[in-house]
Amino acid sequence: MVPPVQVSPLIKTARWSALLFGLIYGKQRYDYLKPIAAEERRIEEEEKKLREERERIYKQLSEANSDTILK
């Protein structure tokens with residue numbers, strides 16, 4: 001088995017720096033996108049309620065129109 005290669009301290013430092021930079025960037029990006037996603041979820045919930053209300057009304061109207069004496 002071949003012994004591991006000694007990695008340059010510059011490369012180690014660059015790798016750790018990139019890792020930390022990625023973590024910091026990811027946290028900032030998450031904090032930026034979180035309120036936007038929450039607003040989109042709120043709007044979607046409101047639209048869902050309206051859509052369900054329209055479907056309920058449509059169903060009631062279609063049942064009222066189908067309830068005739070001529071069945």
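Just so you know, these numbers use all the heavy atoms, side chains as well, and skip hydrogens, waters and symmetry mates.
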Practice item. Could you grab the distance from atom CD of Glu40 to atom CG of Leu33, nearest 0.5 Å is fine? Key: 9.0 Å

**Study point:** Contacts of Glu53 that satisfy side chain to side chain donor-acceptor pair (under 3.5 Å) - sequence neighbours left out
**Key:** Arg56

Review point. For Glu52, what residues pass the side chain to side chain donor-acceptor pair (under 3.5 Å) criterion, not counting sequence neighbours?
Key: none

Exercise for review: Kindly compute the distance separating OH (Tyr32) from OH (Tyr25), expressed to the nearest 0.5 Å.
Suggested key: 10.5 Å

Point to revise | With sequence neighbours excluded, residues passing side chain to side chain contact (heavy atoms under 4.5 Å, CB included) with Glu44 | key: Glu47, Arg51

Practice item. Please identify each residue that fulfils side chain to side chain donor-acceptor pair (under 3.5 Å) with Glu39, with sequence neighbours left out. Key: Arg42

Exercise for review: Among Ile, Leu, Val, Met, Phe, Trp and Tyr joined by side-chain contacts under 4.5 Å, find the other residues sharing a cluster with Val7 and list them by chain and number.
Suggested key: Ile11

Check your understanding: Tell me the salt bridge (charged side-chain N to carboxylate O under 4.0 Å, His left out) pairs involving residues 10-29, sequence neighbours left out?
Key -> Lys27-Asp31

Revision key, fill the gap. Note: with side-chain heavy atoms under 4.5 Å as the link, the other cluster members for Leu61 come out as Ile57

Review point. Considering only heavy atoms from C-beta outward, does the side chain of Leu19 approach that of Trp16 to under 4.5 Å?
Key: yes

